[in-house]
Colleague: 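Starting off with a structure, shown below.
Counting begins at 1 with the first residue of the sequence. Computed over heavy atoms, backbone and side chain alike; hydrogens, waters and symmetry mates excluded.
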Amino acid sequence: MPTPLDDKLVVAISSRALFDLEEENRVFEGGDAEGYMRLQLERLDVPAQPGIAYSMVKKLLRFNQDGVERVEVVILSRNDPVSGMRIFSSGAAQALRLERGVFTQGRAPFGYLRPLNADIFLSANEGDVREALAAGFPAAHVMVGARPAGNGYPDELRIAFDGDAVLFSDEAERVFQQKGLDAFQRHEKRKADEPLPAGPFKPFLVALHRLQQSAGTGMRIRTALVTARGAPAHRRAIQTLMQWNIRVDEAMFLGGLPKGEFLREFEPDFFFDDQSGHIRQAAGFVPAGHVAAGVTNASKTAETRRRPPRSKDA
């Protein structure tokens, strides 16, 4: 009998986010679609190497190791079905349990997130990520050139989140963008006891919290809030998490300092941020994904919707 997805944490992920397929993708971007498919078929028995989101996915799947299916990973890709065979064989070679996949041969795949009941979508295609966010799904554009995760915490899944426009809405960010830092600080001090509205990644944080409470596998989850906020704006962020009855293990209120070196010390399996500048800087230290949400990404979202995808896979 098929296993339902309703009671699981469902990760939808593209081929290039999970595996390193950059050499193959360069063939496609060079205009040789047939050559790309031929290369994938020739390498059917050559496992692809781990990609940037591999560490997070591998650790999430370890929450199933006591026989209870708590996490499902589904490949959701613009790849063609022939290339999809290599993705499944690469998963088997890496001992990743991958049973479900949707391969759309160039068509935008994000519409399948709803029937999959996905809790998060990770993709190397910026346009698909923006469409998924617009449809209400937590999604991140995986930086395929980022530094891979370390192996210092094999039994602990570590995930770091930015605050505004990621865990929280962009309400406060809009004040900052329109009126500057002083107005932002006054706004947040005045509303310190008023919870921020939820951002796109609150549901994923809730799902992780639920997973941590239900698991009996020896795996742990450690989360961090890594934000450019400083005092006194820190208080509203903490008050919001308390109101949600969600605990993060670490909180870094950096007051505008670069996040990269702090993230290097935390050693996350993945970091999510809405600011492209923060992501580019962080990607030099840790696996990172751009959450193209909120006011700072509004104009780029419209531009991306008009632009065709450059890569074979998402």
Colleague: Check step by step if side chain to side chain contact (heavy atoms under 4.5 Å, CB included) holds for Ile159 and Phe204.
Modeller: CA-CA 11 Å; Ile159 300 184; Phe204 183 56; 4.1 Å; yes
Colleague: Is a side-chain donor or acceptor of Arg86 paired with a backbone partner of Arg43 at a separation under 3.5 angstrom?
Modeller: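 Yes: the side chain of Arg86 pairs with the backbone of Arg43.
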Colleague: Do Glu173 and Gln178 pair up side chain to side chain, a donor and an acceptor below 3.5 Å, judged on atom types alone?
Modeller: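 Side-chain D/A pair, Glu173 to Gln178: absent.
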Colleague: Check whether any side-chain N or O of Lys59 sits under 3.5 Å from a backbone N or O of Glu156 as a donor-acceptor pair, and report yes or no.
Modeller: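 Checking the backbone N and O of Glu156 against the side chain of Lys59, a donor-acceptor pair under 3.5 Å is found.
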Colleague: Does the side chain of Ile87 come within less than 4.5 Å of Ser77's, by heavy atoms?
Modeller: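 Ser77 does not reach Ile87 side chain to side chain.
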Colleague: Side chains of Tyr153 and Glu267: does their closest heavy-atom pair fall under 4.5 Å?
Modeller: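 SC-SC contact between Tyr153 and Glu267 confirmed.
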Colleague: When you measure from the centre of the six-membered ring of Phe266, is the NZ or CZ of Arg158 under 6.0 Å away and within 45° of the axis?
Modeller: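 Yes, a cation-pi geometry.
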Colleague: Checking Tyr54 against Gln94: is there a side-chain donor and acceptor pair closer than 3.5 Å?
Modeller: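 Indeed, the side chains of Gln94 and Tyr54 share at least one donor-acceptor pair under 3.5 Å.
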Colleague: If the test is salt bridge (Lys or Arg N to Asp or Glu O under 4.0 Å), which one of Arg220, Arg62, Lys58 qualifies with Asp155?
Modeller: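 Exactly one candidate clears the test, Arg62.
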Colleague: Output yes when Arg229 and Glu188 qualify as a salt bridge under the 4.0 Å nitrogen-oxygen rule, no when they do not.
Modeller: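 Salt bridge: yes.
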Colleague: Hydrogens and angles aside, do Asn79 and Tyr36 bring a side-chain donor and acceptor to less than 3.5 Å of each other?
Modeller: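 Yes - a donor-acceptor pair under 3.5 Å links their side chains.
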Colleague: Between Phe272 and Phe270, is the gap from one ring center to the other below 6.0 Å?
Modeller: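 Yes: the rings meet the under 6.0 Å criterion.
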Colleague: Just checking, is any N or O donor in the side chain of Asn297 or His290 under 3.5 Å from an acceptor N or O on the other one?
Modeller: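 The answer is yes; a qualifying pair exists.
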Colleague: If you take all heavy atoms of Asp20 and Ala48, which pair is closest and at what distance?
Modeller: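 Heavy atoms of Asp20 and Ala48 come nearest at O-CB, 4.3 Å.
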Colleague: Salt-bridged, Asp193 to Lys191, with N to O below 4.0 Å?
Modeller: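 Salt bridge between Asp193 and Lys191, a charged N being under 4.0 Å from a carboxylate O: no.
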Colleague: Looking at every non-hydrogen atom in both residues, tell me the closest pair between Phe19 and Gly91 and how far apart they are.
Modeller: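 Shortest heavy-atom separation between Phe19 and Gly91 comes out as CZ-N, 3.6 Å.
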Colleague: Do Phe88 and Glu99 make a side-chain contact, defined as non-hydrogen atoms from C-beta onward lying under 4.5 Å apart?
Modeller: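 With C-beta onward as the side chain, the pair stays apart.
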